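Side-chain atoms are counted along with the backbone in the values below, which use heavy atoms only and exclude waters and symmetry mates. Everything numeric here is computed off the predicted structure, so don't read it as measured data.
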Amino acid sequence: MGKMILLILIYAAIWIADKQKLKKLGGRGIVAYAAMLLLSLYLGIDYALDLKWPFIEDAASFLLGTTAGRIVKLLTVPS
């Protein structure tokens, strides 16, 4: 319960601090802000509820791992 209260306080502080700035942002800025907020919310819920959800790096590795490996192999210079 204490972790949830801490997260609520942190998100309230972020919202208060960013409220005026969000009004001035355009569409791209709001989308980027929302994406970052969703990522932090994912990690916050995982932390507060002690879930064993996969870390974001694991998801990125699963989605982009083979493509990234091919790019690295293509750019590696043989010695």
Side-chain angles (χ1 to χ4, degrees):
M1 189 65 172
K3 291 179 181 179
M4 288 298 285
I5 293 171
L6 177 66
L7 282 175
I8 291 170
L9 289 173
I10 289 171
Y11 281 108
I14 290 171
W15 182 75
I16 290 169
D18 291 344
K19 187 168 73 169
Q20 294 297 324
K21 294 176 187 174
L22 286 174
K23 290 179 182 178
K24 297 176 186 176
L25 285 179
R28 282 183 167 176
I30 291 176
V31 169
Y33 185 85
M36 295 302 291
L37 192 63
L38 287 174
L39 288 173
S40 71
L41 188 62
Y42 172 84
L43 292 173
I45 291 171
D46 185 34
Y47 163 75
L49 300 178
D50 290 325
L51 302 173
K52 301 300 179 207
W53 289 350
F55 193 63
I56 294 171
E57 182 180 340
D58 298 332
S61 176
F62 176 75
L63 293 174
L64 305 172
T66 55
T67 305
R70 288 180 184 162
I71 292 172
V72 169
K73 187 176 178 181
L74 176 71
L75 296 175
T76 303
V77 178
S79 42

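Of all heavy-atom pairs between D50 and K3, the closest is OD1-NZ, 3.0 Å.
Looking at residues two or more places apart in sequence or on another chain, you find a side chain to side chain contact (heavy atoms under 4.5 Å, CB included) between L49 and M4, I45, L51. Take Y47 and apply the side-chain hydrogen bond (donor to acceptor under 3.5 Å, both in side chains) test, not counting sequence neighbours, and it matches no residue.
Pairs of residues two or more places apart, or lying in two chains, that qualify as ring pair (Phe, Tyr, Trp, His ring centres under 6.0 Å) and include a residue from residues 24-46 are Y42-W53. Among pairs with a residue in residues 19-33, none fulfils salt bridge (Lys or Arg N to Asp or Glu O under 4.0 Å), at least two apart in sequence or across chains. Each salt bridge (Lys or Arg N to Asp or Glu O under 4.0 Å) pair with one or both residues in residues 58-79, not counting sequence neighbours, would appear here, but there are none.
In the hydrophobic clustering of ILVMFWY residues, with side-chain heavy atoms under 4.5 Å counting as a link, V31 and L39 come out apart.
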Result block: side-chain N/O donor-acceptor pairs under 3.5 angstrom for residues 6-16, not counting sequence neighbours:
residue, atom, partner, partner atom, Å
Y11, OH, S40, O, 2.9
Y11, OH, S40, OG, 3.0
Y11, OH, L41, N, 3.0

